[in-house]
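None of the values given here were measured: they were computed from a predicted structure.
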Amino acid sequence: GSWIDLAAPGEGITSAMPGGGYATWSGTSMASPLAAGTAALVRSLDLGVSPKDVVRRLIRTGAPSCDSSRILMLDAASAVMNRSPIPTACP
């Protein structure tokens with residue numbers, strides 16, 4: 001919807017399995033921990049940063065989405081390193 005500024009990838013995410021090993025999963029259950037973990041890493045670099053500033057940084061460092069000209073895709077590495085997003089090639 002029009003209220004969405006930033007999306008996180010949720011397709012084909014490799015994650016640890018209970019009991020050991022790894023598997024590939026898809027859905028919001030994969031996208032949510034990526035977004036939360038990225039926000040936690042950004043906050044860990046400066047404990048005085050406000051939650052609003054963390055969100056601003058995630059959006060500012062987000063990469064353009066291939067699916068939309070308006071929605072940005074979370075770029076965890078760029079957010080943590082506080083740099084411009086790496087351009088993505090769209091099919």
If you look at every heavy atom in [X] and [Y], which pair is closest and at what distance?
| X | Y | result |
| --- | --- | --- |
| Ser78 | Pro85 | OG-CA, 3.4 Å |
| Val42 | Ala79 | CG2-O, 3.7 Å |
| Ala31 | Gly10 | CB-CA, 4.1 Å |

Going by the side-chain hydrogen bond (donor to acceptor under 3.5 Å, both in side chains) test, which pairs reach into residues 41-54, not counting sequence neighbours? Ser50-Asp53, Asp53-Arg56
Any side-chain hydrogen bond (donor to acceptor under 3.5 Å, both in side chains) involving residues 6-35? Give me the pairs, sequence neighbours left out, ordered by first then second residue. Glu11-Ser26
By side chain to side chain contact (heavy atoms under 4.5 Å, CB included), which residues pair with [X], not counting sequence neighbours?
| X | result |
| --- | --- |
| Ala36 | none |
| Ala39 | Val54, Leu58 |
| Val55 | Ile59 |

With a cutoff of under 4.5 Å between side-chain heavy atoms, which Ile, Leu, Val, Met, Phe, Trp and Tyr residues group with Met73? none
Partners of Arg60 by salt bridge (Lys or Arg N to Asp or Glu O under 4.0 Å), sequence neighbours excluded? none
Membership question, hydrophobic clusters at under 4.5 Å side-chain separation (ILVMFWY): are Leu6 and Leu34 in the same one? yes
Residues in side chain to side chain donor-acceptor pair (under 3.5 Å) with Thr38, at least two apart? none
Just verifying a value: how many Å separate Leu45 CG and Met81 CE, rounded to the nearest 0.5 Å? 11.5 Å
